[in-house]
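Notes follow the structure.
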Amino acid sequence: MGEAPVFFVDNLQDELSNGFVLKSKGLETSTDVGDRTFVIGGANNDSASSIGVQIYEKSTGKWVIPTVLGTKPKPCKGHSAILLNEDRIMIIIRGSTQDDCIWFLEVDTKYVKEQKKVLGTEVVAWSKGVRGDAEKPIVISGPSGVGKGTLINMLMKEFPSMFGFSVSHTTRAPRNMEKNGVHYHFTERSVMEKDIKDGKFLEFASVHGNLYGTSLEAVEAVADSGKRCILDIDVQGARSVKASSLDAIFIFICPPSMKDLEERLRARGTETEEQVQKRLRNAEAEIEQGKSSGIFDHILYNDNLEECYENLKKLLGLDGSAPTNHKSSPKGIDLPLNHSVSKIDNKILINCETPELGNASKNLIVLDVSSLKGGAPGRTRGLNVYAIDSFSDGLNGIHKLS
Ligand SMILES: Nc1nc2c(ncn2[C@@H]2O[C@H](COP(=O)(O)OP(=O)(O)O)[C@@H](O)[C@H]2O)c(=O)[nH]1
Ligand SMILES: Nc1ncnc2c1ncn2[C@@H]1O[C@H](COP(=O)(O)OP(=O)(O)O)[C@@H](O)[C@H]1O
């Protein structure tokens, strides 16, 4: 359990500093980042704010509507905004569900800067805040027919509550047993190319003559289910993920020999002769990349399937020698609609008015943002939350919300 924050409740910062002032019936905030002002919120719609983003450039006096990447928070009854490290704005949603109240609007992070270059427009990116350090996603690559799918299915079957599969998009035609939305999102090339242009993909690549890609939504859907995300992607995709801020474990699966690989690919019976030849031609280069590119943390040889599977589980700390370190996703925080927000160093202090106990009574929630990890396009992890039950007669106890 981390050290509870040491501070004195009575020297809270004035609530009116940058970003805390709620405008237009509390549904909009404005936060200055350098010479730009980020106005977050939106038109009132059934007394809920659509959480839009507008940027006011002081130097030009112009308003800019940025491209907004990532899944944004649901419409809400208002929010507080707190600038962190000049590159992201923490948003605390009022009156939201427990696990949906902390979000980060990234305005100048590495990922946003990259996407600005790719898209050629002003960009901001949403990243949902999650508590604790969930398990890193797992990227598994390897030549066609090596056994990636077989090994992943074994993991998902043995640990159904622990792992979730990132369902890729592809322009490839479905195989007999493949279901749309389960094995892949089978997609028209024009649709996929538009979504890529709109920044909806974490990575994409042309593989064996078809387009494949991992949408941000696919990764987030697994994270939201509280499971550890498994991505089955090619070496090009692994290279892109490695360069992104999605902190993952990279595993390359090698065949015992090219002869074995050819036998397996043919025995699977899912490709035409031409496709088999193309995949085998690509396999040699992929294996070379897998071994020498430095992308992969681990290289596993899939000779005997059971042995390879045991080695994979050992890599993931699942071989029974260590307690399975699967942490059930911690609960969110119970934020009442009425709260005020202050910041002291890396501590965000949320004063929760508890009218039912009279105005004198206050609960304090402290968010420790000193060890944040990850961020868009994935989740922002490492948020530590403490609750301090304080009544008019002084502090009544500090405890970390587990
Ligand atoms: N970059 C990238 N590669 C992918 C993605 N989904 C699948 N692939 C890779 O595309 C290649 C072909 O996949 P598939 O057609 O299912 O054939 P398989 O490898 O024989 O199972 C494999 O190397 C996959 O790892 C993706 O979302 N992105
Ligand atoms: N260790 C192994 N020994 C023999 N056959 C295997 C082994 N691993 C997988 N296979 C078989 O090889 C074929 C390709 O496996 P698959 O999981 O589809 O590969 P990938 O997903 O990497 O293309 C399948 O028919 C599978 O049953």
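In this text the structure is predicted, and so the values were computed from the model without any measurement. Every number for a ligand or one of its atoms is a count from 1 in the order of the listing. Numbers here are sequence positions counted from 1.
- At least one heavy atom of G142 sits closer than 4.0 Å to an atom of ligand 1.
- The closest approach between a heavy atom of H183 and any atom of ligand 1 is not below 4.0 Å.
- Not a single N or O atom of D232, backbone or side chain, sits closer than 3.5 Å to an N or O atom of ligand 2.
- The protein non-hydrogen atom at the shortest distance from atom 19 (O) of ligand 1 is K148 NZ, 3.0 Å.
- Residue nearest to atom 18 (O) of ligand 2, selected from M154, E307, R268: R268 (by heavy-atom distance).
- In terms of protein heavy-atom proximity, atom 15 (O) of ligand 1 is nearest to Y212 OH, 2.5 Å.
- The side-chain contact (heavy atoms from CB on, under 4.5 Å) test with W126 is passed by exactly one of L69, V53, T380, L216: V53.
- At least one heavy atom of G145 sits closer than 4.0 Å to an atom of ligand 1.
- For the pair D234 and ligand 1, the shortest N or O to N or O distance falls below 3.5 Å.
- Just one of I92, V341, I91 meets the side-chain contact (heavy atoms from CB on, under 4.5 Å) condition when paired with H79; it is I91.
- Counting protein heavy atoms only, atom 11 (C) of ligand 1 is closest to V207 CG1, 3.7 Å.
- Checked against a 3.5 angstrom limit, the closest N/O atoms of G213 and ligand 1 fall inside it.
- Crowding of D35 atom CG: a count of heavy atoms from other residues, nucleotides or ligands under 6.0 Å exceeding 12.
- Looking at N302, D303, T150, it is N302 that brings a heavy atom closest to atom 8 (N) of ligand 2.
- The pair R279-E262 fails the salt-bridge criterion, with no side-chain N (NZ, NE, NH1 or NH2) lying under 4.0 Å from an Asp/Glu carboxylate O.
- Side-chain N/O atoms of S166 and T214 include no donor and acceptor closer than 3.5 Å.
- Close contacts of ligand 2 with L305, meaning ligand atoms under 4.0 Å from a residue heavy atom, involve 1 (N), 8 (N).
- Shown here is E273, whose CD atom has more than 12 heavy atoms of other residues, nucleotides or ligands within 6.0 Å.
- The neighbour count for Y309 OH, taken as heavy atoms of other residues, nucleotides or ligands under 6.0 Å away, is above 12.
- Using a 4.0 Å cut-off between heavy atoms, R172 contacts ligand 1 through its side chain alone, with no backbone atom that close.
- Atom 12 (O) of ligand 2 has R264 CB, 3.5 Å as its closest protein atom, hydrogens excluded (heavy atom only).
- If you look at R264 next to ligand 1, there are no close heavy atoms at all, none under 4.0 Å.
- Salt bridge present: K242 and D297 bring a charged side-chain N and a carboxylate O closer than 4.0 Å.
- When H208, R279, E203 are ranked by how near their heavy atoms come to atom 17 (O) of ligand 1, first place goes to R279.
- Neither the backbone nor the side chain of E271 comes within 4.0 Å of ligand 1, counting heavy atoms alone.
- Residue-level proximity to ligand 2 for C308 is absent, since no heavy atom of it falls below 4.0 angstrom.
- For K194, the NZ atom is loosely surrounded, since the number of other residues' heavy atoms within 6.0 Å does not exceed 12.
- Considering OG1 of T109 and CD of Q115, their distance stands at 9.5 Å, rounded to 0.5 Å.
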Problem set entry | Stepwise side-chain contact (heavy atoms from CB on, under 4.5 Å) test for R268 and S144 | CA-CA 11 Å; R268 188 173 73 182; S144 180; 3.6 Å; yes
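- Any N or O atom pair closer than 3.5 Å counts here, and E178 shares no such pair with ligand 1.
- No hydrogens or angles considered: nothing links the side chains of D234 and S141 as a donor-acceptor pair under 3.5 Å.
- The number of heavy atoms from other shown groups lying within 6.0 Å of CZ (F250) is above 12.
- Here atom 19 (O) of ligand 2 lies nearest to G147 when heavy atoms of S141, G149, G147 are compared.
- Within the 4.0 Å heavy-atom shell around ligand 2 one finds G145.
- In this structure, atom 14 (P) of ligand 1 lies nearest to the protein heavy atom Y184 OH, 3.4 Å.
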Exercise. After noting the C-alpha distance and the side-chain angles of E263 and K259, does the key distance pass the salt bridge (charged side-chain N to carboxylate O under 4.0 Å, His left out) rule?
Worked result: CA-CA 6 Å; E263 282 169 6; K259 182 172 169 298; 2.7 Å; yes
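- Taking every non-hydrogen atom of S144 and a distance limit under 4.0 Å, the qualifying atoms of ligand 1 come out as 18 (P), 19 (O), 20 (O).
- Below 4.0 Å from some heavy atom of G237 lie the following atoms of ligand 1, by number and element: 1 (N).
- Using a 4.0 Å cut-off between a side-chain N of Lys or Arg and a carboxylate O of Asp or Glu, D247 and R381 do not qualify as a salt bridge.
- Near P143, meaning under 4.0 Å from one of its heavy atoms, ligand 2 places the atoms 22 (O).
- For ligand 1, the atoms lying closer than 4.0 Å to a non-hydrogen atom of A205 are 1 (N).
- Between T214 and ligand 1, an N or O atom pair is found at a separation short of 3.5 Å.
- Using a 4.0 Å cut-off between charged nitrogen and carboxylate oxygen, E310 and K313 count as a salt-bridge pair.
- With respect to D100 and K128, a salt bridge is recorded, a charged nitrogen being found less than 4.0 Å from a carboxylate O.
- What sits closest to atom 27 (O) of ligand 1 on the protein, heavy atoms only, is S168 OG, 2.6 Å.
- Ranking the protein heavy atoms by distance from atom 25 (O) of ligand 1 puts D232 OD1, 2.7 Å first.
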